[in-house]
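Notes follow the structure.
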2 protein chains.
Amino acid sequence: MRRQVSIKDVASEAGVSASTVSYVLNENPNVTISAETRERVLSAARELNYVPNQAARTLGSSRVMGMTESKLIGIVIPQTEPEHYGARLMFSNPFYSSFLSALELPIRSAGYHLIVSGTNPGQSYFEIVRSRALDGVIILGMYPSDDEEEYISFNVPTVLVDCYGCDGRFFYGVNTDDYKGGYLATRHLLERGHRKIALVTGQLKENGVNVLRYRGYCDALEEFGVRPDSSLVFAGYVGFEYGAEAAREMAANMNNISAVFATSDITAIGVMNGFRANGISIPKDVSLIGFDDIEYASTCYPPLTTIRQNIEEKGKRAAGLILAAISNRNLPRVKEIIGLELIERATVRSLV
Amino acid sequence: MRRQVSIKDVASEAGVSASTVSYVLNENPNVTISAETRERVLSAARELNYVPNQAARTLGSSRVMGMTESKLIGIVIPQTEPEHYGARLMFSNPFYSSFLSALELPIRSAGYHLIVSGTNPGQSYFEIVRSRALDGVIILGMYPSDDEEEYISFNVPTVLVDCYGCDGRFFYGVNTDDYKGGYLATRHLLERGHRKIALVTGQLKENGVNVLRYRGYCDALEEFGVRPDSSLVFAGYVGFEYGAEAAREMAANMNNISAVFATSDITAIGVMNGFRANGISIPKDVSLIGFDDIEYASTCYPPLTTIRQNIEEKGKRAAGLILAAISNRNLPRVKEIIGLELIERATVRSLV
DNA sequence: TGCGTTTACTTTAACGTTAAAATAACATCA
DNA sequence: TGATGTTATTTTAACGTTAAAGTAAACGCA
């Protein structure tokens, strides 16, 4: 178990100083190195199979104030749903894993690595940001309101995905047009003659995506002269189990309901199963529309009509934003909106 | 943008030396510190909101040969499937995301962080292991045969999940009893009177999980006096698309087939859809059994009979193993086998 | 009393890297 | 000819932490 090959080993192999090796390897534009020396250094590094020590780089770079470079980007995935709703897993929603997949490649290609972390309900993720000297942070679905000022003082480029409420003075944002999605889904049902439209959604927390989808739902209803009926709004949790539970409740009173808008596909799948378990057929007895267009939406039976948000695009945009924000600390604090699209499949029946 | 609070700041605040702070904070058992001093240090650290710099710790710890501690565990997820089969995403199989979710908490609780990395097809993941001084590595589904000797020379505790072929002299292993799973699934079909049983699986690479499931399939057939028929074996890729494709092919010749064993649930779902698209009904016209028991297996329609592997358990075991291997470098190189269980749902019809 | 031991610290040096300053050889120009 | 600049390199110091070595006072005990 030998000591790791360091820059000094490369230096002595090439017959130069350590700095020279560093300059060559980093292609430092402030220093001129002769072609011949460069070649010697490069081949020595290759010969010794040299790999730079990132911890040393991180530490060394912190010498220049505020310039610490860990080449590490954190992705924080909050545990939002309570355990008893079956959300025992960080990625219980396939949305997250697709998003992560889409993120990883561009980030790796740019020479960064991804640290994935959940959050302990009480504990903050501030510690990892500081102890690891993260170059950037991507936060999913949670607005870090608790100690916003403190967090901002770290001055770490941060992209908020699927959160509202930040004022754009510090955070970058990547969002779907949730209001529009809620509106489109509901209008789709209304246009097909549905009037008694239930909503199954997660908690309607301020700054969350669900309130906006809810508002879109309300406004579409109003536009068609339908007064939103709070007894048709099931705001529990995002997930299969809650969808099934809501469907069970709805099943007891089906003459009140002709269609359901579930604000996420996994919830919609739950609704589907809950109805089926109660002998209610989709779309014959009730229509259903989801949100997200996860893979299952197209492979379930019947295939789910849904609002497609391009998750891959979202991941790529988040990656692009964080990388841009890291390399240009003055990048304007933009909020990018990802487009969406209604995908008609087989769960909505037209009544007209 | 002030300099980060370092151990020296804490030291001078508490009126002691930096080492004393280090000793107190790490509860170093080789050094005695008076209760009074400890208290002063602790409150100074709290006061200044001190967070240790992990890069400095990593670098410092590398002084003692072979004792480098980065508190970082890498999880390597190889891109095994070719793009054209729709496996555009690292986590296209929900199995991976569930596994990752189950891993993350125990690892975080133990004070480690998780670096997630895919692999560029050509490029090796060796570099990240060395440059980040990973304390441990978990590799999913790939046997690092290319430069095994070189990798072993790094001497980084490594858990191989779902790979065979390592001889247990260096790597730790977490596996499902894939042979048994293949056997059980096939026997289940045989016992219900099926004889013409097709297999839809990924590539039958040596050291992969699919060969073992395949062998279990063959042996069960032989046990029931059925000669395996290679024209019934579809060995393409793991994924929805390939399952659907295989089903399309099978649909052309249904009198040859009465049941299908798909060696992963996502493939099974693909098969299900492929058959449905061709007007073939499950389980009336053909029976189907999967493998994994991903969440969707229970929520799809009809609910999928499958071999359940406890993915959460697998994640926890992998986490436990890697943590144990890190803290005890002499831990015997065990291979843990996760049990499995046949879950009867609605896709297998009995012919007897 | 004197010597070894224990307690409670402090000082030093090192981990691998790189920015900045220093150096030295050589070229350019007034 | 000497001042100035350029090129190519080396030396130095610093990042934050901690293991190891050092120190000094207090204690135990023969």
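In the text below, chain A, chain B and the rest are named by the order of the sequence lines, each starting its count at 1. Here the structure is a predicted model, which is why all the values come from computation and not from measurement.
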>> Tell me the interatomic distance from B/Met67, atom CE, to C/dA14, atom C1', rounded to whole angstroms.
In response: 17 Å

> Starting at the 5' end of DNA chain C and moving along, which residue's nearest nucleotide shows up first, B/Val31 or B/Ala56?
Replying inline: B/Val31

>> When you measure from the side-chain N and O atoms of B/Asn28 to the phosphate of D/dA19, is any distance below 4.0 Å, counting only OP1 and OP2?
In response: yes

> Just checking A/Thr32: base, sugar-phosphate only, or nothing, at a heavy-atom cut-off of under 4.0 Å?
Replying inline: base

> A/Lys8 has an atom NZ; how far is it from atom P of C/dA14, in whole Å?
Replying inline: 9 Å

> Do A/Arg108 and A/His113 meet the criterion of a side-chain donor-acceptor pair at a distance under 3.5 Å?
Replying inline: no

> Are any side-chain N or O atoms of B/Asn53 and backbone N or O atoms of B/Ala55, one a donor and one an acceptor, separated by less than 3.5 Å?
Replying inline: yes

> Does OP1 or OP2 of D/dT18 have a side-chain N or O of B/Ser22 closer than 4.0 Å?
Replying inline: yes

>> How many whole angstroms separate atom CD1 of A/Ile33 from atom P of D/dT9?
In response: 6 Å

>> Contact list please: residues 45-54 of chain B against DNA chain C, heavy atoms, distance less than 4.0 Å, in numerical order.
In response: none

> Looking across every strand, which nucleic acid part, if any, lies under 4.0 Å from B/Ser19 by heavy atom: base, sugar-phosphate, or nothing?
Replying inline: base

>> If you compare every side-chain N and O of A/Arg63 against the phosphate oxygens of D/dA13 (OP1, OP2), does one of them come in below 4.0 Å?
In response: no

>> Regarding A/Ser17 and A/Thr20, do their side chains bring together a donor and an acceptor under 3.5 Å, going by distance alone?
In response: yes

> How would you label the contact of A/Thr20 with the nucleic acid (heavy atoms, under 4.0 Å): base, sugar-phosphate, or nothing?
Replying inline: base

>> Need one value for A/Val16: base, sugar-phosphate or nothing, where a base atom within 4.0 Å counts as base even if backbone is also close, heavy atoms only.
In response: sugar-phosphate

> Any luck finding a side-chain donor-acceptor pair between B/Ser101 and B/Ser98 under 3.5 Å?
Replying inline: no

> Rounded to whole angstrom units, what separation is found between the CG atom of B/Asn30 and the C1' atom of C/dT6?
Replying inline: 15 Å

> Contact class for B/Ser61 vs. all strands (heavy atom < 4.0 Å): base, sugar-phosphate, or nothing?
Replying inline: nothing

> Looking at the rings of B/Phe99 and B/Tyr96, which for Trp means the six-membered one, are their centres under 6.0 Å apart?
Replying inline: no

> Do A/Glu150 and B/Asn49 get their side chains close enough for a donor-acceptor pair, meaning under 3.5 Å?
Replying inline: yes

> Rounded to the nearest 0.5 Å, how far does NZ of A/Lys314 lie from CG of A/Asn175?
Replying inline: 7.0 Å

> Is any side-chain nitrogen or oxygen of A/Ser62 closer than 4.0 Å to OP1 or OP2 of D/dC15?
Replying inline: no

>> Under 4.0 Å from OP1 or OP2 of D/dG16: is there any side-chain N or O of B/Ser6 that close?
In response: no

>> Tell me the interatomic distance from A/Leu25, atom CG, to C/dT18, atom C1', rounded to whole angstroms.
In response: 12 Å

> Looking at C/dA19, D/dG16, C/dT17, which one has an atom nearest to any side-chain atom of A/Tyr23?
Replying inline: C/dA19

> For B/Thr37, which contact category applies under a 4.0 Å heavy-atom criterion: base, sugar-phosphate, or nothing?
Replying inline: sugar-phosphate

> When the nearest nucleotide of DNA chain C is assigned to B/Ser34 and to B/Gly60 on a heavy-atom basis, which residue is associated with the more 5' position?
Replying inline: B/Ser34

> Between A/Thr158 (side chain) and A/Val156 (backbone), is there a donor-acceptor pair under 3.5 Å?
Replying inline: yes

> Please give, in whole Å, the distance from D/dC15 P to B/Arg57 CZ?
Replying inline: 18 Å

> Looking at B/Asn26, does any N or O in its side chain come under 4.0 Å of the phosphate oxygens OP1/OP2 on D/dT18?
Replying inline: yes

> For the pair made of CZ in A/Arg38 and C1' in D/dT9, what is the distance, rounded to whole Å?
Replying inline: 13 Å

> Between D/dT17 atom C1' and B/Glu69 atom CD, what is the distance in whole Å?
Replying inline: 13 Å

